[in-house]
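In listed order, ligands and their atoms are each counted from 1.
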Amino acid sequence: MLTSQGKNQATLILIKPDGLKKSLTGNILTRLSETKLEIVGAKMVRVQRELAEEHYKHLKDKPFFEELIKYIQGELHGRRKVMALVYWGEDAIAKCRALAGATNPEEAEPTSIRGAYGRITTKGLYENVIHVSSTPEEAEREIKLWFKPDEIIVDLYPKKKIIIKEKEESIWA
Ligand code: UDP
Ligand code: MG
């Protein structure tokens, strides 16, 4: 018998600066654990403007773009960091998007993460606590933007080895 089993997918999750400032990290990770997906990458990131612009390039022409860049860089919350995670498993995108809820926190289902914790700022920006990739193509683009291959513990996408000479790197003193 044929079953409609979903495919294994990866999705990028960001706990945005408002999520960190509101001390929601544990809460969000607990909610996401309901999906039984696997976390295959996780780190704190200080978001440079270049990364912010590239991540949200599909919204470059929107009137709220500048505010959105400030938001994801943490400038609205005095916390210049986000937590980036890669979740992996069956139907990862749909499962995480469902838990996240609609983009507009006012329209999001009240028990969803965005419905429960998001808000609309006086400038009209949706501060919605987390980001979740919305398609496999978007997930691939975003995961490659936020993570290096060696920072993810499974092989998601083709990779290659290069030798970098005379690269400056910090090590423990
Ligand atoms: N956003 C906003 N107003 C809008 C649309 C989007 O403030 O009318 C912000 C919001 O923080 C959202 C982000 O821009 O999460 C990215 O927008 P997208 O349409 O990709 O929504 P998402 O995939 O995050 O649900
Ligand atoms: Mg999106």
Q. Got Lys95 and Lys36 here, is their nearest side-chain heavy-atom distance under 4.5 Å?
A. no
- Task: Could you tell me how the ring of Tyr71 sits relative to the ring of His77: parallel (under 30°), tilted (30 to 60°) or perpendicular (over 60°)?
- Result: tilted
- Query: Should the heavy atoms of other residues, nucleotides or ligands under 6.0 Å from CD of Glu109 be counted, would the total exceed 12?
  - Reply: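 More than 12 heavy atoms, drawn from other residues, nucleotides or ligands, come within 6.0 Å of this atom.
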*asked:* I'd like to know whether NZ of Lys159 has more than 12 heavy-atom contacts from other residues, nucleotides or ligands below 6.0 angstrom.
replied: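 Yes, enclosed.
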Starting from [atom], locate the nearest protein heavy atom and write down its residue, its atom name and how far away it is, to 0.1 Å.
| atom | answer |
| --- | --- |
| atom 18 (P) of ligand 1 | His58 NE2, 4.1 Å |
| atom 5 (C) of ligand 1 | Phe64 CZ, 3.4 Å |
| atom 11 (O) of ligand 1 | Tyr126 O, 2.8 Å |

For Gly74 and Pro17, the nearest pair of non-hydrogen atoms, with its separation, is CA-CG, 3.6 Å
Heavy-atom closest pair (Lys81 atom, Leu20 atom, distance to 0.1 Å) is O-CD1, 3.3 Å
Exercise for the section: Under 4.0 Å from a heavy atom of Leu125: give me the atoms of ligand 1 that qualify, with their elements. Expected result: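 Counting from 1, the qualifying ligand atoms are 7 (O).
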OG1 (Thr11) and CG (Asp91) are apart, to the nearest 0.5 Å, by 11.5 Å
Worksheet item: Between CD of Glu137 and CD1 of Ile93, what distance do you get to the nearest 0.5 Å?
Response: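 These two atoms lie 8.0 Å from each other.
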For this session: Determine, for Tyr157 and Lys144, whether the Lys NZ or Arg CZ falls below 6.0 Å from the six-membered ring centre while staying within 45 degrees of the axis.
Result: yes
Answer yes or no: does an N/O atom from Tyr71 fall short of 3.5 Å to an N/O atom of ligand 1?
->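 Not met; the criterion fails.
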- Query: Does any N/O atom on Tyr56 come nearer than 3.5 Å to any N/O atom on ligand 1?
  - Reply: no
Check contact between [X] and ligand 1, using heavy atoms of the residue and a distance below 4.0 angstrom.
| X | answer |
| --- | --- |
| Lys62 | no |
| Arg114 | yes |
| Arg97 | yes |
| Glu127 | no |

Which is closest to atom 16 (C) of ligand 1 in terms of heavy atoms, Leu59, Asn128, Asp18, Val132?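 Among Leu59, Asn128, Asp18, Val132, the closest heavy atom to atom 16 (C) of ligand 1 belongs to Leu59.
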Closest heavy-atom approach to atom 22 (P) of ligand 1 among Asn104, Ile120, Thr103, Leu68 is made by Thr103
**Message:** Just to be sure I read this right, does ligand 1 sit under 4.0 Å from the backbone of Glu67, its side chain, both, or neither, counting only heavy atoms?
**Reply:**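 It is neither; nothing of Glu67 touches ligand 1.
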